[in-house]
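Here is the structure we will look at.
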Amino acid sequence: MRIDIITLFPEMCDTVLNESVIGRARKKGVMELNCHQLRDFAFDKHKRVDDTTYGGGMGMLMKAEPIALCFEHLCETLGKRPHFIYMSPKGRVLTQQRVRELSALDNIAILCGHYEGVDQRVLDTFIDEEISIGDYVLTGGELPALILTDAVCRMLPGVLSEDVCFEEESHYSGMLEYPQYTKPSEWRGMAVPEVLMSGHHANIEKWRYESSLLETARLRPDLLADLTLSDKDRQLLRDNGFDV
């Protein structure tokens, strides 16, 4: 997979993407990540990529032409058109399901907005989808773009040691992850559940499934509506005080 990020702060993005699991996978060539300086496609001597908005109002707006030139250059380089995403608080909120879908693509380009956003004509002409990481506003699209890139890349073969590393995580199955513990077995009077030290794999898996279901009901009950619950699941929830 190749991901291209169009940004005013490529060094910021590269710094994050060169670290930890994603950085190691990037160095191994598992995926290709490129950060493009939008100002390189500005056409005046000051490299301006923003201007005042028609109709008045506070703040500046990113101009259409530098973005268009950068994206068209990227298309020429690739020899095809990548799926183009704009990180925006107006977009559809990112989910693990959408991350899985995006991880199946060969090429993704991500536009990081700044100031008051970008000229609407860019969105109408080039953008395939707008994605939000939550119902709040940040100063720019770089952090959301990095979150999206991280979430997608860690789904790729060869990034994590085994698929089970992400298959058992929160949201992958539609439920939150079960509680986890490490040594010592007792800490400040609190003991690790005995079943986890029993060595009985079937009982451990049963405990983990039930704990995931209860954690989901406790912390994110809204997710239960999308789950196919068995009679045993419903009874477990009722026995623990949840109304289903």
Side-chain angles (χ1 to χ4, degrees), residues 1-19 22-23 26 31-95 98-99 101-102 105-153:
M1 165 175 269
R2 170 171 168 158
I3 298 178
D4 292 89
I5 301 175
I6 299 174
T7 171
L8 296 176
F9 301 97
E11 295 84 2
M12 168 188 172
C13 295
D14 268 325
T15 296
V16 174
L17 296 175
N18 281 331
E19 297 296 328
I22 303 301
R26 187 183 188 186
M31 84 290 280
E32 182 179 351
L33 306 177
N34 301 291
C35 302
H36 304 273
Q37 172 56 264
L38 182 60
R39 294 190 190 279
D40 290 343
F41 296 87
F43 41 85
D44 69 339
K45 65 179 181 179
H46 301 294
K47 299 293 183 181
R48 286 188 58 183
V49 296
D50 64 314
D51 211 328
T52 55
T53 59
Y54 283 113
M58 298 292 292
M60 307 288 276
L61 199 67
M62 292 177 69
K63 299 167 69 172
E65 188 64 6
I67 297 171
L69 291 174
C70 183
F71 184 65
E72 288 166 349
H73 173 75
L74 178 58
C75 293
E76 291 175 7
T77 300
L78 289 171
K80 58 183 176 179
R81 188 186 190 284
H83 184 73
F84 200 13
I85 298 168
Y86 174 50
M87 306 306 300
S88 165
K90 295 196 295 184
R92 181 173 64 171
V93 176
L94 184 64
T95 64
R98 188 59 188 140
V99 168
E101 293 165 354
L102 291 172
L105 301 179
D106 291 328
N107 300 101
I108 296 173
I110 306 173
L111 173 62
C112 302
H114 243 274
Y115 313 117
E116 293 301 308
V118 306
D119 190 302
Q120 182 64 38
R121 291 169 292 187
V122 169
L123 307 183
D124 294 341
T125 305
F126 296 107
I127 297 298
D128 295 303
E129 68 174 312
E130 297 182 45
I131 290 180
S132 167
I133 59 166
D135 295 331
Y136 48 88
V137 180
L138 300 174
T139 56
E142 282 72 24
L143 291 176
L146 291 170
I147 288 172
L148 176 60
T149 300
D150 186 285
V152 169
C153 286

Looking at side-chain heavy atoms only, is the closest gap between [X] and [Y] below 4.5 Å?
{"X": "Thr52", "Y": "Met60", "answer": "yes"}
{"X": "Leu17", "Y": "Cys153", "answer": "no"}
{"X": "Cys112", "Y": "Leu8", "answer": "no"}
{"X": "Met12", "Y": "Leu143", "answer": "yes"}
{"X": "Phe71", "Y": "Pro82", "answer": "yes"}
{"X": "Met1", "Y": "Val152", "answer": "yes"}
{"X": "Leu38", "Y": "His114", "answer": "no"}
{"X": "His73", "Y": "His36", "answer": "no"}

Under the side-chain contact (heavy atoms from CB on, under 4.5 Å) test against Phe84, which residue among Asp4, Ile6, Leu74, Ile108 passes?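 Between Phe84 and the candidates, side-chain contact (heavy atoms from CB on, under 4.5 Å) is satisfied uniquely by Ile6.
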Search all heavy atoms of [X] against all heavy atoms of [Y] and return the closest pair with its distance.
{"X": "Ala68", "Y": "Phe126", "value": "CB-CE1, 3.5 Å"}
{"X": "Lys47", "Y": "Asp40", "value": "NZ-O, 4.3 Å"}
{"X": "Cys35", "Y": "Pro10", "value": "CB-CB, 3.8 Å"}
{"X": "Glu142", "Y": "Cys13", "value": "CG-SG, 3.8 Å"}
{"X": "Ser88", "Y": "Glu130", "value": "OG-OE1, 3.2 Å"}

Go through the steps to decide whether Leu148 and Ile133 satisfy the test side chain to side chain contact (heavy atoms under 4.5 Å, CB included), and finish with yes or no. CA-CA 8 Å; Leu148 176 60; Ile133 59 166; 5.8 Å; no
Could you tell me whether the side chain of Arg26 and the main chain of Leu33 form a donor-acceptor pair under 3.5 Å?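 A pair under 3.5 Å: yes.
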Measure from the side-chain N and O atoms of Arg39 to the backbone N and O of Pro66, and report whether any donor-acceptor pair falls under 3.5 Å.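 Side chain of Arg39 to backbone of Pro66, a donor-acceptor pair under 3.5 Å: no, none is there.
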Once rounded to the nearest 0.5 Å, what's the spacing between atom [atom1] of [X] and atom [atom2] of [Y]?
{"X": "Leu138", "Y": "Met87", "atom1": "CG", "atom2": "CE", "result": "9.5 Å"}
{"X": "Glu129", "Y": "Tyr86", "atom1": "CD", "atom2": "OH", "result": "14.0 Å"}
{"X": "Arg121", "Y": "Glu65", "atom1": "CZ", "atom2": "CD", "result": "10.5 Å"}
{"X": "Asp119", "Y": "Asp50", "atom1": "CG", "atom2": "CG", "result": "12.0 Å"}
{"X": "Ile3", "Y": "Ile85", "atom1": "CD1", "atom2": "CD1", "result": "8.0 Å"}
{"X": "Ile131", "Y": "Lys90", "atom1": "CD1", "atom2": "NZ", "result": "15.5 Å"}

Taking side chain to side chain contact (heavy atoms under 4.5 Å, CB included) as the test, write out the residues that go with Glu116, two or more places apart.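 Testing Glu116 for side chain to side chain contact (heavy atoms under 4.5 Å, CB included), a comparison that skips the adjacent residues, returns Leu61.
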Asp44/Lys63 ion pair, N-O < 4.0 Å: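 Salt bridge between Asp44 and Lys63, a charged N being under 4.0 Å from a carboxylate O: no.
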Is it true that atom OH of Tyr54 has more than 12 heavy atoms of other residues, nucleotides or ligands lying nearer than 6.0 Å?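 For Tyr54, atom OH is not crowded (no more than 12 foreign heavy atoms under 6.0 Å).
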Would you find more than 12 non-hydrogen atoms of other residues, nucleotides or ligands less than 6.0 Å from Arg81 atom CZ?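 More than 12 heavy atoms, drawn from other residues, nucleotides or ligands, come within 6.0 Å of this atom.
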